[in-house]
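Since the structure is predicted, the reported quantities are computational estimates derived from the model, not experimental observations. Just so you know, residue 1 is the first one in the sequence shown, and it goes up from there.
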Amino acid sequence: QLQLVESGGGLVQPGGSLRLSCVVSGRPLDYFIMGWVRQAPGKERGGVSCINTAYGTADYADSVKGRFTVSTNNATNTVYLQMNSLKPEDTSVYYCAAEVRLGGPLCFLRPSRYDYWGQGTQVTVFS
C-alpha cells in the first residue's frame, strides 16, 4: 500500500520561505512521477510542480516559476518543494501526489493524472 505523508506547511509572511516534504513509502520513488498540487478555499485543485524521478525533469505552473523548486532524494524516498518569495495568493492546502511512471522523460501538472495522494499540508501567507 503506497503512502504519501507531507510536512512543512505553516504560517509565513509575504516574501518568506517554506520547504515542504513528502515521504513516500511502499514503493521506490523512481517508480513514480511526483507532483505538488494545491487547492485554495473555493477553488479547484491546480498543479504547482512535477518531477520525473527517473530523468530529473521538472515543470512548474507559470505562477510559481522562478520562486518554487522541486527536488527529490531517492535514497530517503522524499520529495521536496522549496517555496521562496511567497505571496498571499500562494495560500492553499498543498498535496503531494504520485503518478505511476510508464516511460518517457516528461511530467505533467494536471491533477487528474495522479493515482495517489497525501493528506495535504496547509500553507498560509499572511500580511
Side-chain angles (χ1 to χ4, degrees):
Q1 185 75 11
L2 192 73
Q3 285 191 315
L4 288 69
V5 180
E6 303 101 330
S7 61
L11 300 173
V12 64
Q13 291 185 328
S17 298
L18 285 173
R19 188 176 80 157
L20 305 183
S21 300
C22 173
V23 178
V24 179
S25 59
R27 287 269 193 180
L29 195 60
D30 61 4
Y31 194 78
F32 301 100
I33 290 170
M34 299 301 299
W36 289 95
V37 176
R38 67 186 180 186
Q39 186 170 25
K43 295 188 177 180
E44 293 185 352
R45 289 187 178 185
V48 175
S49 180
C50 64
I51 185 166
N52 186 311
T53 58
Y55 290 83
T57 51
D59 197 10
Y60 299 89
D62 287 343
S63 59
V64 306
K65 280 181 181 175
R67 301 189 297 123
F68 291 11
T69 304
V70 63
S71 62
T72 63
N73 184 331
N74 285 14
T76 61
N77 255 31
T78 305
V79 184
Y80 301 99
L81 185 67
Q82 178 67 44
M83 305 187 295
N84 299 328
S85 302
L86 282 161
K87 304 175 181 180
E89 52 264 43
D90 294 318
T91 295
S92 287
V93 177
Y94 284 73
Y95 297 91
C96 174
E99 173 189 354
V100 176
R101 189 174 60 81
L102 299 179
L106 301 179
C107 68
F108 300 94
L109 297 173
R110 193 164 67 249
S112 62
R113 293 189 64 95
Y114 293 103
D115 305 299
Y116 303 94
W117 294 81
Q119 81 286 354
T121 186
Q122 177 70 47
V123 171
T124 303
V125 186
F126 67 99
S127 55

task = Considering non-hydrogen atoms only, spot the tightest contact between Y114 and C50 and give its length.
result = OH-CB, 3.4 Å
request  = Could you tell me whether the side chain of D115 and the main chain of V100 form a donor-acceptor pair under 3.5 Å?
outcome  = yes
inquiry  = Show the nearest heavy-atom pair for residues G104 and Y55, with the distance to one decimal.
reply    = O-CE1, 3.2 Å
Any F68 side-chain heavy atom under 4.5 Å of L81 side chain = yes
query = So Y116 and F32, would you call those rings parallel, tilted or perpendicular, with 30° and 60° as cut-offs?
reply = perpendicular
query = More than 12 heavy atoms of other residues, nucleotides or ligands under 6.0 Å from CD of Q13: is that the case?
reply = no
Working for side chain to side chain contact (heavy atoms under 4.5 Å, CB included), residues S71 and R19 = CA-CA 11 Å; S71 62; R19 188 176 80 157; over 6 Å; no
request  = In plain terms, say whether D62 and K65 are close enough for a salt bridge, that is, a side-chain N and a carboxylate O under 4.0 Å apart.
outcome  = yes
ask   = With hydrophobic residues grouped by side-chain heavy-atom distances under 4.5 Å, do L20 and V125 end up in a single group?
value = yes
inquiry  = Are T72 and L29 packed together at the side-chain level, in the sense that at least one heavy-atom pair is separated by less than 4.5 angstrom?
reply    = yes
key: Worked verdict on N84 versus S17 for side-chain hydrogen bond (donor to acceptor under 3.5 Å, both in side chains)   = CA-CA 4 Å; N84 299 328; S17 298; 2.9 Å; yes
message = Quick check against the 3.5 Å criterion: does R67 have a side-chain atom that pairs as donor or acceptor with the backbone of S85?
response = yes
query = Does T78 offer a backbone N or O that forms a donor-acceptor pair with the side chain of N73 under 3.5 Å?
reply = no
ask   = Can you tell if the side chain of I33 reaches within under 4.5 Å of the side chain of R113, non-hydrogen atoms only?
value = no
ask   = Under a 4.5 Å side-chain heavy-atom rule over Ile, Leu, Val, Met, Phe, Trp and Tyr, are V93 and L86 clustered together?
value = no
request  = With rounding to the nearest 0.5 Å, note down the distance linking SG in C107 to CE in M34.
outcome  = 11.0 Å
ask   = How about S92 and Q39: do any of their side-chain heavy atoms sit closer than 4.5 Å?
value = no
ask   = CD1/I51 to OH/Y80 distance, rounded to the nearest 0.5 angstrom?
value = 12.0 Å
ask   = Would V64 and V12 show up in the same hydrophobic cluster when neighbours are defined by side-chain heavy atoms closer than 4.5 Å?
value = yes
message = Working to the nearest 0.5 angstrom, can you tell me the gap between L2 CG and Y31 OH?
response = 10.0 Å
message = Taking CD in Q122 as the centre, count heavy atoms belonging to other residues, nucleotides or ligands within less than 6.0 Å. Is the count above 12?
response = yes
message = I'd like to know if the side chain of N52 reaches the main chain of L106, judged simply by a donor and an acceptor atom lying under 3.5 Å from each other, with no hydrogens or angles considered.
response = yes
request  = Of all the heavy-atom pairs spanning G47 and A61, show the shortest one and how long it is.
outcome  = O-CB, 3.5 Å
inquiry  = Any heavy-atom pair between the side chains of V37 and V48 that's under 4.5 Å?
reply    = no
query = Would you find a donor on one side and an acceptor on the other, under 3.5 Å apart, between the side chain of T121 and the backbone of S7?
reply = no
ask   = If you count the non-hydrogen atoms of other residues, nucleotides and ligands that lie under 6.0 Å from CZ in R27, is the total more than 12?
value = no
task = Consider only side-chain heavy atoms of I, L, V, M, F, W and Y, link residues closer than 4.5 Å, and tell whether Y95 and V70 are in one cluster.
result = no
message = I want to check something: taking the side chain as every heavy atom from C-beta on, are F126 and L11 in contact at a cut-off of under 4.5 Å?
response = yes
query = Measuring from E99:CD to S112:OG, what's the distance to the nearest 0.5 Å?
reply = 9.0 Å
task = Would you mind reporting whether W36 and E6 have side-chain heavy atoms less than 4.5 Å apart?
result = yes
Beyond-backbone contact of M83 with V123, side-chain heavy atoms, under 4.5 angstrom = yes
